[in-house]
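Report on the following structure.
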Amino acid sequence: MELDTNLEQLILKLYDIEGVKFGDFKLKSGIQSPAYFDLRVIVSYPALMREVSQVLWQVSMKAEKFASICGVPYTALPIASVMSVDNDVPMLIRRREAKDYGTKKMIEGKYNAGDLCLVVEDVVTSGSSVFETVQLLQEYGLVVKDAVVLLERQQGGTERLRNDGVNLHSVITMTQLVTVLKKHGKIDETMYNRVLKFVADNRFDIPSQPAVVGNGDTTVKKAKAEMTFKERAELCKNELGRRLFGLMEDKQSNLILSADLTKSEDILKLVDIVGSKVCIVKTHADIIEDFTVDFVHKLQDLAKKHNFLIFEDRKFADIGNTVKYQYNNGLHKIIEWADIVNAHSVSGPGVIQGLQKVGLEKGRACLLIAEMSSKGSLAKGEYTKATVDMAKTYSEFVIGFISQNRVCDDQQFLYMTPGVRLEEGKDSLGQQYVTPSVAILQNKTDLIIVGRNIYNAEDPLNVAEEFRQAAYNAYLKRIS
Ligand code: 5IU
């Protein structure tokens, strides 16, 4: 679609203030992008800020009549303020501080339950930031049907948000942006093509509506899109997997504690405190300085006391014959105590064959790592697809995936997501975080894995309960 001259001028101004740049940039998701859009600088250009607010206001006319507007922090906050003041429409402010979550009000401003609120954003890629704000507004009783954005990067955000019931109205698309900049000689043909190729190659797929899987009775019985954990248990071909599905529903927990502490006493203390809130405790046996059989027995006692499973995050990745020994032998004798282990698919199906050779008869189960939470992970695209195929072939032993998304429609599998905090962000070593509701509601995975946010908390029990509630409520919302 051709842009009018005012929008063309606006794009050129945004380029001039370096609100949009071209080169090699790493996005929040870790992906390398040839174009980078950062409107934070706009606060230094009041006239431009007003212009951006005006075009966003114009596009908001497409939305259903709203009572208030709310900017996604932080860049869109001042933009929303100008829209609010200029058009005499009340504004709401969304807080971001994680420490306030659950204890302090996260939405400031006056509103009534049921009020329609318009969400304002500067740029949308996957749609997860907009979605996070929508979720929070909904938790406070507000209704969100529309969002407006200055730049739609055309990487699937509009479609994903539509899937979640939000209509996204954009002022400009990435294609329009680069078309205008090429026309005015700001970027050359090569960069223009690079950006368009990047957009086409880096779309966030819409998590597909889970299709009904199974055969015969199950398919007929379940006409609705999403099945409950207990119903899915029937599809699972591994006994331990079926137990886990049931346990999650009985305990109302899809929270996994990642107990990454290095002293056995500290782990046992932590696990006894939060054990009632979690369905799985995940360990890294090789980081425990004083690992003994006695520790393992105590952990198993706690597993019985609090009814959770033990998952050793060993990430096997060798040839079948070697992983068999790594699982069964050595100092840790993982097979003796870990209900669940996980494996990389990089070495091919032999890794599963090796593990299941010794694991199946002991009633154990395995997860495949289909995606990772860390920046720049190579587990994506064809690799992820091939991992899913492998899991389907070995579904007597493989009960699911470590993944950031619902990597396939098959409801016999469990989808477990690490890299979860109460606030999106990252650590200094490449870990990337999403919130529980983005993981469970938007990305449609089943369980969240939380480490530091719980074990470093002053009150791990309360924080674990906050995570449990957030994750389980998100699941309940999904099946309702
Ligand atoms: N873990 C990840 N990301 C992954 C996989 C495993 O974070 O893709 I596979 C593990 C690493 C750590 C835990 O044990 O999950 C997350 O801990 P934090 O919540 O402290 O980041």
Side-chain angles (χ1 to χ4, degrees), residues 28-31 98 101 254-263 266-267 270-271 274 277-288 299 309-317 323 332 334 338 340-347 351-352 355 365-381 383-384 387-388 390-391 398-407 413-436 438-440 443 445-457 460 463-464 466-468 470-471:
K28 202 166 83 178
S29 53
I31 298 171
Y101 193 95
N254 48 350
L255 172 63
I256 301 175
L257 167 71
S258 187
D260 299 337
L261 298 168
T262 54
K263 296 210 166 49
D266 294 342
I267 297 175
L270 171 76
V271 169
V274 304
K277 304 293 175 195
V278 304
C279 59
I280 294 178
V281 167
K282 184 173 84 62
T283 54
H284 280 294
D286 57 358
I287 67 169
I288 306 172
L299 186 63
L309 300 183
I310 302 172
F311 163 22
E312 164 60 19
D313 190 359
R314 173 62 180 77
K315 300 187 181 71
F316 293 104
V323 297
H332 297 117
I334 296 168
I340 302 170
V341 290
N342 56 354
H344 283 295
S345 51
V346 67
S347 50
V351 70
I352 311 172
L355 294 173
C366 178
L367 301 162
L368 289 186
I369 299 160
E371 291 175 324
M372 289 193 70
S373 59
S374 43
K375 197 163 157 180
S377 161
L378 305 180
K380 58 184 180 184
Y383 181 93
T384 302
T387 308
V388 167
M390 249 185 240
V398 177
I399 59 168
F401 303 95
I402 304 289
S403 66
Q404 304 310 112
N405 295 285
R406 185 78 161 244
V407 287
F413 292 124
L414 283 154
Y415 304 83
M416 310 188 181
T417 298
V420 177
R421 278 199 320 208
L422 291 171
E423 183 192 63
E424 289 202 332
K426 53 187 182 209
D427 73 5
S428 59
L429 295 173
Q431 175 70 302
Q432 303 173 119
Y433 290 103
V434 295
T435 61
V438 167
I440 307 283
N443 299 340
T445 60
D446 296 317
L447 299 105
I448 57 166
I449 300 174
V450 184
R452 281 163 284 183
N453 235 205
I454 293 180
Y455 65 73
N456 283 338
V463 176
E466 238 175 272
F467 274 107
R468 189 201 62 79

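Indexing begins at 1, ligand by ligand and atom by atom, following the structure's order.
- Listed for the E371 side chain is no donor-acceptor partner under 3.5 Å among the backbone atoms of A379.
- When atom types are taken as modelled, the side chain of N254 and the backbone of D446 share a donor-acceptor pair closer than 3.5 angstrom.
- Two residues are said to be in side-chain contact when any heavy atoms from C-beta on lie closer than 4.5 Å; K282 and D260 meet this criterion.
- Under the side chain to side chain contact (heavy atoms under 4.5 Å, CB included) criterion, A457 pairs with V463, sequence neighbours left out.
- Side-chain contact between N405 and T384 is absent, with no heavy-atom pair separated by less than 4.5 Å.
- How far OG1 of T417 is from CD1 of I449: 7.0 Å, rounded to the nearest 0.5 Å.
- Around ligand 1, the residues contributing at least one heavy atom under 4.0 Å from the ligand are S258, D260, K282, H284, D313, K315, I369, M372, S373, I402, P418, Q431, Y433, V450, G451, R452.
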